[in-house]
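To start, the structure under review is shown below, and the notes come after it.
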Amino acid sequence: MSVVLQVKEFAASAIKDLYGFEIAPSGILVNATKPEFTGDYTIVLFAFVKQLKKSPDVLGQELGEYLVKQHPDFYTSFNVIKGFLNLEIGDAYWQAFTQKEYSNTAYGIATTHKGKVMVEYSSPNTNKPLHLGHLRNNFLGWSIAEILKANGNDIVKTCIVNDRGIHICKSMIAWELFANGATPASTSTKGDHFVGDYYVKFNDAYKGQVKELVAGGMTEELAEKEAPIMKQAQQMLVDWEAGKPEVMKLWKEMNSWVYEGFDQTYKEIGSDFDKIYYESNTYLLGKDLVEKGLEKGVFYQKEDGSVWIDLTGDGLDEKIVRRKDGTSVYITQDIGLAEMKQKEFNADQSIYVVGDEQNYHFKVLKLICQKLGLPSADGIYHLSYGMVELPTGKMKSREGTVVDADDLVAELINDAKETTQAKLEERNALKEFSQEELDQLYKTIGLGALKFFLLRVDPKKKMIFDPKESIDIHGFTGPFVQYTYARIRSILRKEANANFATLSTSELLPLEKDVIKHLEQFADTIGDAANEHDPSKIAIYLFNLAQAFNTFYNKHSISNAESEDKKQLRLQLAQLTAQTIKTGMGLLGIQVPERM
RNA sequence: GGACCGGUAGCUCAGCUGGAUAGAGCAGCUGCCUUCUAAGCAGCAGGUCAUUGGUUCGAAUCCAAUCCGGUUCACCA
């Protein structure tokens, strides 16, 4: 049990013992004591002064005395200031904690089993390469999956690949028209970029044709419909749905190029999936559910034959679920896919990592599933995240301001290379690394900086990213945390033969205790991050931990500690800090270097 | 127009189930490397928490209104 929870439970039972008043531990407000007061944790008393008919001072005094008397191994002292009961927890308790956990490589990871969660993320279109926005999605999805796993859940990571539709046909038709049989191999181009280039070529040709038609006297609206290349793309979609062999062949081939490119990117950034769904297999799902919905009266049919649901009673609008021609719309296949996932994996919760522009869509999706009484309904959770914008505003593919994921990753790794080389030379340490180790190090730092940057902000907030400015390495950053880790590892290597274990008690210095208090909060932090689906909680925690350790490190020597006791304690503390950083950064998908 | 999200230091962000004098990082300024990696540490400076009103012992946090920015309300996905 965490210290904070322990404080709450002791307080709840003390209030019951003293005043016969039942109060839930979760109803007691406990904060970390402000540094200017004595104590570790503080109970805010105002909440119950009325019910207990006591003044805050009297209540604090009585409660404090009782708690210290009842739990002498836990509390050593208390003081009451203006309605705040400050409690000090004994050094012996903190030291026992350190002693117990310092060699635990699974420190912070939940051991109880909570449930099963599906996380759908990434979900790319197969007509163009990944960009900066996808990176936020991928890092968030991967991280929240790891966090939920660490909090005791079984995880199924999934991805729905949007591998069919008019956008794919655009790339396909442009390839037929302009490629002369070129392939990624023949042009030495990464497959997803290759296909993306033809998507761009389609749009260029299309724009040109529209312009010509308008010049010939056609209205723009009509020209956009009549442009020959657009009609060709639309025909190709019809042919695809009819399963026309040569279209299928081209579609399969171009998609395979894209997948090869995606695989490379996913490998580089560390995304992986347990189960991949393809829209080409799922786009017809949900039709039977429309029928069931009609029977149940959840849906209704209009005169033209189209099928709708009325959500105005829930503050939303009417939503179509089947066109008058009998074909289904986007949300219908999502309903079908939700059911399919449920049948296949029977998860307790199904998380969709999708941008906030689809907030309405997911609200509707969940509501419809609930009204249909589907077992998957209540578990639907939209992990909505804000767009990544440039200093100049939103990324626009038409204006060529889209930041390519591969390019960005390569740039940041190169930035890391330059900084790292300079730092290592400064310390005359470059020669200690093999070329292979160096390349790995640059990647670890560059990707670490990027992932930390994108994950340190509350997901639901939009964020601004300036690709022209390399990511900072000072302060609240990935490299700062990595550096803290590397320094600790350096000490631990030198002290590999030291005695860690036989600790006898001594008084803790304030900076020692501060690090231990941070360490103790790790499991609670994972719990918060999991409950709120928010990896930034982990990033902030790790930064605070690293900073607390650095402050301690700067002031007190580990190797040349004042006494053998102190050295052992500090070695334990350093090792547990390193382990916690490693585990915590792992939850963000960030590796940590042994030396840097 | 309806719905939803955001507005906290020059910049990027914490804090938001109401609690002590609103916190970090960056940028700016001062110090600290004969001692475990200075990608570090210590300090200074920087705020009408968008505005107005309300709820109460107490509001950045809750409520209402207003202003600003964004998203969405397709027989697109």
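Quick note on labels: first sequence line is chain A, next is B, and so on, each numbered from 1.
- Judged by Watson-Crick or G-U wobble contacts below 3.5 Å, the nucleotide B:G18 has no partner.
- Rounded to a whole angstrom, the distance from the C1' atom of B:U48 to that of B:A22 is 14 Å.
- Straight-line distance between the C1' atoms of B:A50 and B:C67: roughly 7 Å, to the nearest whole Å.
- For A:K34 and B:A20, the shortest distance from a side-chain N or O to OP1 or OP2 is below 4.0 Å.
- Contacts of A:F37 with the nucleic acid, taken as non-hydrogen atoms under 4.0 Å apart, include base atoms.
- B:C33 shows a glycosidic angle within 90° of 0 and is accordingly assigned syn.
- Applying the 4.0 Å criterion to OP1 and OP2 of B:U72, one finds that A:Y360 has every side-chain N and O outside that range.
- Partner of A:S280 under the side-chain hydrogen bond (donor to acceptor under 3.5 Å, both in side chains) criterion, out of A:D163, A:T126, A:N255: A:D163 alone.
- Counting non-hydrogen atoms under 4.0 angstrom, A:Q482 reaches nothing in the nucleic acid.
- Ionic pairing of A:E432 and A:R427 is not present here: no N-O contact between side-chain nitrogen and carboxylate oxygen is shorter than 4.0 angstrom.
- One atom, OH of A:Y41, and another, C1' of B:G19, lie 18 Å apart when rounded to the nearest Å.
- Using a 4.0 Å heavy-atom distance criterion, A:K363 is classed as a sugar-phosphate-only contact.
- Applying the 5.5 angstrom centroid cut-off and the 30 degree plane-angle cut-off, the aromatic ring of A:Y553 is stacked upon the base of B:C36.
- One atom, CG of A:N550, and another, C1' of B:A42, lie 13 Å apart when rounded to the nearest Å.
- Backbone-only engagement by A:K537 is indicated by non-hydrogen atom pairs under 4.0 Å involving sugar-phosphate atoms exclusively.
- Nucleic acid contact class of A:F476 (heavy atoms, under 4.0 Å, all strands): sugar-phosphate only.
- A cation-pi arrangement is absent between A:R136 and A:Y385 under the rule of less than 6.0 angstrom and at most 45 degrees off the ring axis.
- Dashed line: the shortest gap from a side-chain N or O of A:K461 to OP1 or OP2 of B:A14 is under 4.0 Å.
- Between the NZ atom of A:K319 and the P atom of B:C73 there is a distance of 7 Å, given to the nearest Å.
- At a threshold of 4.0 Å, the pair A:K460-A:E532 does not count as salt-bridged, since none of the basic side-chain nitrogens sits closer than that to a carboxylate oxygen.
- Sparse packing is recorded around CD of A:E221, with 12 or fewer heavy atoms of other residues, nucleotides or ligands lying under 6.0 Å away.
- Counting atom types as modelled, A:T42 pairs a side-chain N or O with a base atom of B:A20 as donor and acceptor under 3.5 Å.
- As judged by a 4.0 angstrom heavy-atom cut-off over every strand, A:M596 is placed among the base-contacting residues.
- Summarising the base pairing, B:C62 is matched to B:G54 through a Watson-Crick or G-U wobble pair whose two defining distances lie under 3.5 Å.
- Separation of the A:Y283 and A:W240 ring centroids falls under the 6.0 Å cut-off.
- A straight line from CZ of A:R570 to C1' of B:C36 spans 12 Å, rounded to a whole angstrom.
- Side-chain atoms of A:D314 stay outside donor-acceptor range of the base of B:A3, with no qualifying N/O pair under 3.5 Å.
- In this structure, the aromatic ring of A:F84 is positioned over the six-membered ring of the base of B:A20, centres within 5.5 Å and planes within 30°.
- In this structure, the CG atom of A:L365 is 16 Å from the C1' atom of B:U72, given to the nearest Å.
- Pair check for B:C11 finds B:G25; Watson-Crick or G-U wobble, both atom distances under 3.5 Å.
- Taking a pair to require two hydrogen-bonding distances under 3.5 Å in either a Watson-Crick or a G-U wobble arrangement, B:C75 remains unpaired.
- In this structure, NZ of A:K555 is placed 18 Å from C1' of B:A38, rounded to the nearest angstrom.
- Among the protein residues, A:T327 comes within range of no part of the nucleic acid, since none of its heavy atoms lies under 4.0 Å from any strand.
- Heavy atoms of A:K394 sit under 4.0 angstrom from primed sugar atoms or phosphate atoms, though from no base atom.
- Across all strands shown, A:Y330 has heavy atoms under 4.0 Å from base atoms, whether or not it also approaches the sugar-phosphate.
- Taking the C1' atom of each, B:G23 and B:A14 are spaced 7 Å apart, rounded to whole Å.
- Going from atom NZ of A:K366 over to atom C1' of B:C4 covers 16 Å, rounded to whole Å.
- With respect to A:K363 and A:D314, no salt bridge is recorded, no charged nitrogen being found less than 4.0 Å from a carboxylate O.
- Here A:R322 lies out of heavy-atom contact (under 4.0 Å) with every strand.
- Applying the 4.0 Å criterion to OP1 and OP2 of B:C76, one finds that A:R323 has a side-chain N or O inside that range.
- For B:C75, the base has a donor-acceptor partner in the side chain of A:D304 [N/O atoms by modelled type, under 3.5 angstrom].
- Between A:F480 and A:Y483, the distance separating the two ring centers is not shorter than 6.0 angstrom.
- Residue A:V44 is classed as a base contact, given a heavy-atom separation below 4.0 Å to a base.
- In this structure, the aromatic ring of A:F46 is not positioned over the six-membered ring of the base of B:G58 within 5.5 Å between centres and 30° between planes.
- Among the protein residues, A:T551 comes within range of the sugar-phosphate backbone only, with heavy atoms under 4.0 Å from sugar or phosphate atoms but none that close to a base.
- Backbone-only engagement by A:E279 is indicated by non-hydrogen atom pairs under 4.0 Å involving sugar-phosphate atoms exclusively.
- Among the heavy atoms of the strands lying under 4.0 Å from A:K324 is at least one base atom, whether or not backbone atoms are also near.
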A:R570 and A:E495: CA distance, side-chain angles, deciding distance, salt bridge (charged side-chain N to carboxylate O under 4.0 Å, His left out) verdict = CA-CA 11 Å; A:R570 289 174 191 171; A:E495 296 291 344; over 6 Å; no
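- Nucleotide B:G40 forms a Watson-Crick or G-U wobble pair with B:C32, both donor-acceptor distances falling under 3.5 Å.
- Between the CG atom of A:D534 and the C1' atom of B:C5 there is a distance of 15 Å, rounded to whole Å.
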